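What you see is a predicted model; the values in this text were computed from it and never measured. Atoms within each ligand, like the ligands themselves, are counted from 1 in listed order.
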Amino acid sequence: MPNLELTIKSTKKFQSLLLELAQTMGFMIKILSENRIYQIINEVTGKSIFLYNADLGMNSSSSLLAAKDKAATYGLMSHYGVPTIEHIQIDTGPDSDYISECTKYLQDWGKLVLKDNEGTQGRNVFLVEDQESLLIHLDVLKKRGKRICVSRFYDAELETRCIVYNGEVRIAFSKLRTNSWKHNLSQGAMPIPIQLNSPESAEIQHIAVSAAAAIGMQFCSIDIMETSCGPKVLEVNGTVLMNHYTKYSEAHKNQSLDLYREIFSDILE
Ligand SMILES: Nc1ncnc2c1ncn2[C@@H]1O[C@H](COP(=O)(O)OP(=O)(O)O)[C@@H](O)[C@H]1O
Ligand SMILES: [Mg+2]
């Protein structure tokens, strides 16, 4: 067994955890590109996994691209009748009257969220309550060269993340906001586990499983906002990164590792 001599940056902690897990299961690890691309090999069966960071390559590239595109995800979920938060892409080209278009949404909805259509970790996500802030944030996003989408604002206390594997929710937790209006774990929200056998979580789990099926993903996380109009999908993540969840407690870490152990053995054995 080769020695795993990796200098994993702190941001890659979860990835190093996965590699450690694979190694303790007796699989060989090949570093194909320093700090990014790995192969996990079962030398007995000859089966292998190609890993890019923490992505195990379990979802198709078109599903991953669809999930990254918030407006497209909204369209897809709507097509399949999965309750979803509205995300509309805005054309900001030279011939477009995008300011009037966004102003109309602001008037209709009262409040809206302006975002980078392909953003992550809550970056470039702005709450807009008036015309002045609309103009400021449209300008910010345009100057940063981002594709813009507008989303109807829902005042939801809770956002729940469901990790779906093979058509079943395997881990679910609510994200409690702390020092931001956003529910991103990277912005300080706290993960509070949800019991999967509790009757109250049945509806959310059903939505998460339907969303994963709609986007055709085998392993993904689905974020669902608990709005006053019922639970609605906010976004789909095709790479399941549990770094914030695992560092929260030893129990959280073991829960995640158990799931990955199962996935590794499903793929490699
Ligand atoms: N339409 C919305 N209504 C209310 N809150 C929202 C809305 N869109 C985004 N948010 C808040 O902003 C956070 C980040 O938005 P999200 O669309 O998930 O982008 P990212 O992919 O960057 O995480 C969410 O966790 C949520 O708290
Ligand atoms: Mg998010």
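For atom 21 (O) of ligand 1, the nearest non-hydrogen atom from the set Lys175, Lys68, Lys70 belongs to Lys70. Among Lys232, Lys182, Lys115, the residue whose heavy atom sits closest to atom 9 (C) of ligand 1 is Lys115. Counting only non-hydrogen atoms, the option in Trp181, Tyr154, Phe126, Trp109 that gets closest to atom 3 (N) of ligand 1 is Tyr154.
Annotation for Lys182: atom NZ counts as buried by contact number, over 12 foreign heavy atoms lying within 6.0 Å. By the neighbour-count criterion of 12 heavy atoms within 6.0 Å, atom CD of Glu262 is densely surrounded, having more than that number from other residues, nucleotides or ligands.
Here Glu168 pairs with Arg170 under the side-chain contact (heavy atoms from CB on, under 4.5 Å) rule; sequence neighbours left out. In this view, Ser221 and Arg161, Ile163, Asn237 satisfy the side-chain contact (heavy atoms from CB on, under 4.5 Å) rule, not counting sequence neighbours. His137 pairs by the side-chain contact (heavy atoms from CB on, under 4.5 Å) definition with Leu114, Phe126, Val128, Ser133, not counting sequence neighbours.
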> Would Met25 and Ile40 count as a side chain to side chain contact (heavy atoms under 4.5 Å, CB included) if you check the C-alpha gap in whole Å, the side-chain angles of each, and the deciding distance to 0.1 Å?
Replying inline: CA-CA 11 Å; Met25 289 175 79; Ile40 302 176; over 6 Å; no
>> Apply salt bridge (charged side-chain N to carboxylate O under 4.0 Å, His left out) to residues Lys142 and Asp139 and explain how you reach the verdict.
In response: CA-CA 5 Å; Lys142 255 203 100 181; Asp139 197 45; over 6 Å; no
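Close approach of ligand 1 to Arg152 is summarised as follows: ligand atoms under 4.0 Å from at least one heavy atom of the residue are 1 (N), 2 (C), 3 (N). Residue Phe153 has at least one heavy-atom neighbour below 4.0 Å for each of these atoms of ligand 1: 1 (N), 3 (N), 4 (C). Ligand-side atoms of ligand 1 in range of Ile85: 1 (N), range being under 4.0 angstrom from any heavy atom.
Remark: the Thr160 side chain and the Glu226 side chain contain an N/O donor-acceptor pair separated by less than 3.5 Å. With 3.5 Å as the limit, one finds a donor-acceptor pair spanning the side chains of Tyr38 and Gln15.
Side chain of Ser201 to main chain of Asn197: no donor-acceptor pair is present (N/O by atom type, distance under 3.5 Å, no hydrogens or angles).
Between His87 and ligand 1, a contact under 3.5 Å exists for no N or O pair. Taking any N or O of Gly119, backbone or side chain, at least one lies under 3.5 Å from an N or O belonging to ligand 1. Here's the thing with Ser151: one of its N/O atoms is less than 3.5 angstrom from an N/O atom of ligand 1.
In terms of heavy-atom proximity, Pro191 sits nearest to Tyr248 at O-CE2, 3.6 Å. In this structure, Leu138 and Cys102 approach most closely via the heavy-atom pair CD2-SG, 4.0 Å.
Within the structure, ligand 1 has Val125 among the residues with a heavy atom less than 4.0 angstrom away. Under a 4.0 angstrom heavy-atom cut-off, Met225 registers as being in contact with ligand 1.
Of the options Lys146, Lys68, Arg147, Lys70, a side chain to side chain donor-acceptor pair (under 3.5 Å) to Glu118 is made by Arg147 and by none of the others.
At the top of the distance list for atom 14 (C) of ligand 1, counting protein heavy atoms only, stands Asn184 OD1, 3.2 Å. Scanning the protein for heavy atoms near atom 25 (O) of ligand 1, the closest one is Glu159 OE1, 2.6 Å. Residue, atom and distance of the protein heavy atom nearest to atom 22 (O) of ligand 1 are Gly122 N, 2.6 Å.
Counting only protein atoms, the N, O or S atoms lying less than 2.8 Å from the Mg ion (ligand 2) are Glu235 OE2, ordered by chain and residue number.
Under the 30°/60° scheme for interplanar angles, the aromatic rings of Phe219 and Tyr260 are found to stand perpendicular.
Here Glu235 has side-chain heavy atoms under 4.0 Å from ligand 1, and that is the only part of it that gets that close. Contact annotation for Asp116 and ligand 1: no heavy atom of the residue comes within less than 4.0 Å of the ligand. Contact annotation: for Val113 versus ligand 1, heavy atoms closer than 4.0 Å belong to the side chain alone.
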